[in-house]
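Quick notes on the structure that follows.
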Amino acid sequence: MKNNSKINITIWNVNSVRKRLNSIDKFLKAYSPDILMLQEIKVRNDLFPFQFFRDFGYRFIHHEGETTGYNRVAIIAKEDLEIIPKISFIKDARHLAVKIRNDIDLHNFYIPAGGDIPDVSKNIKFKEKLELIDKLTAWFKNNKSKNDKVIIAGDLNIAPLRNDVWSHKQLLNIVSHTPIEVEKLLNLYKSIGFKDSVRKFIPESEKLYSWWSYRARDWEKSDRGRRLDHIWSSGNLDEKVMAANIIKSTRNHDLPSDHVPVSIDINL
DNA sequence: ATGGTTGGTTACCAA
């Protein structure tokens with residue numbers, strides 16, 4: 001990557017990379033991001049569609065071997081990136097990190113959804129989700145400072161703002177928008193002074209979603225979405241973020257993911 | 001208040 005150039009970073013929970021090849025093909029032809037960070041690729045290393053991405057000119061494809069085809073994230077880029085150590089306590093290949101421009105840490109996260117019941121005494125998955133976010137908050141506080149250049153992105157499975165969900169009132173007790181999750185996520189946000197690179201361009205007064213359930217009869221008409229996918233940059237990078245985009249059109253592809261891509265353009 | 005859909009080395013579980 002040349003100095004002083006615009007870089008597009010796109011995140012996308014594809015809900016199985018193999019099922020989504022036609023949709024990803026359409027998206028890459030139209031948007032051609034420099035760095036593509038996928039979540040929920042649901043594929044083992046040996047079955048990953050390497051050639052598909054190489055044919056689009058992506059020479060850097062980073063994901064890690066696990067025996068199961070669940071969860072998992074990948075970082076794909078046009079140019080080689082330096083791989084940096086994973087955060088050790090995140091399981092199920094839900095995290096990978098790289099360094100860009102020699103000094104910016106770029107993290108790809110897939111935070112667990114946390115089950116259906118928003119009660120830590122009845123639902124271990126909800127408990128583990130909250131604990132993971134607490135651990136991440138502590139990790140950033142202990143390992144990074146407000147002067148470090150850090151971008152964290154991915155499916156965080158929490159919609160923090162009132163207008164990040166179709167009905168604040170009706171989702172208060174629904175996992176992804178409960179006050180306890182929102183509080184935990186805000187602590188992570190404040191840990192080293194992250195900024196929301198997408199809300200920077202779209203005021204909090206406007207509804208904004210990145211996910212629509214498969215269960216709706218007509219997802220677009222009912223429009224009961226949530227903004228679960230986020231890109232945050234640390235304070236000294238925020239001013240270099242020049243644009244953000246949620247590519248809602250992919251939700252109308254044949255065999256779509258329930259999430260749509262979220263991207264930023266950043267001048268580096 | 002209930003049920004609705006999708007995916008995985010799948011016939012249950014997670015999302």
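Chain naming here is simple, since letters A, B, ... match the order of the sequence lines and numbering starts at 1 in each. The model shown is predicted, which means the values in this text are computed figures rather than measured ones.
Taking atom C1' in both B:dT5 and B:dT10, one finds a spacing of 15 Å when rounded to whole Å. Rounded to whole Å, the C1' atom of B:dG4 lies 28 Å from the corresponding atom of B:dT9. A gap of 16 Å separates the C1' atoms of B:dA15 and B:dG3, to the nearest Å. B:dA11 sits 15 Å from B:dT6 when the C1' atoms are compared, rounded to a whole Å.
Under the 90° criterion around 0 for the glycosidic angle, B:dT10 counts as anti.
Residue A:Asn173 contributes atom CG, which lies 12 Å from atom P of B:dA1 at whole-angstrom precision. Between A:Trp212 atom CH2 and B:dG4 atom C1' there is a gap of 18 Å when expressed in whole angstrom units. Between the CZ atom of A:Arg224 and the P atom of B:dT2 there is a distance of 16 Å, rounded to whole Å.
Between the side chains of A:Gln39 and A:Asn108, at least one donor N or O sits under 3.5 Å from an acceptor N or O. Counting only N and O atoms by type, the side chains of A:Asn245 and A:Tyr31 include no donor and acceptor under 3.5 Å apart.
A:Lys184 pairs with exactly one of A:Thr137, A:Thr178, A:Asp134 by the side chain to side chain donor-acceptor pair (under 3.5 Å) rule, that one being A:Asp134. Among A:Ile76, A:Thr10, A:Ile100, A:Ile11, the single residue meeting the side chain to side chain contact (heavy atoms under 4.5 Å, CB included) criterion with A:Ile35 is A:Ile100.
For DNA chain B, each stem of at least three Watson-Crick or G-U pairs (distances under 3.5 Å) is given as range with range: B:5-8 with B:12-15.
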With salt bridge (charged side-chain N to carboxylate O under 4.0 Å, His left out) as the test, would you mind laying out the steps for A:Lys149 and A:Asp105 before giving the verdict?
CA-CA 6 Å; A:Lys149 296 178 178 177; A:Asp105 293 356; over 6 Å; no
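Ring geometry, A:Trp232 versus A:His230: the interplanar angle falls from 30° to 60°, so the pair is classed tilted. Using bins of under 30°, 30° to 60° and over 60° for the plane-to-plane angle, the ring pair A:Phe109/A:Phe140 lands in the perpendicular bin.
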Using a 4.0 Å heavy-atom cut-off to protein, can you give one letter per nucleotide of nucleotides 6-15 of chain B, 5' to 3': B if the base is in contact, S if only the sugar-phosphate is, - if neither?
SSBB----SB
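Annotation: A:His63 is in aromatic contact with A:Phe50 [ring centroid separation under 6.0 Å].
The neighbour count for A:Asp116 CG, taken as heavy atoms of other residues, nucleotides or ligands under 6.0 Å away, does not exceed 12.
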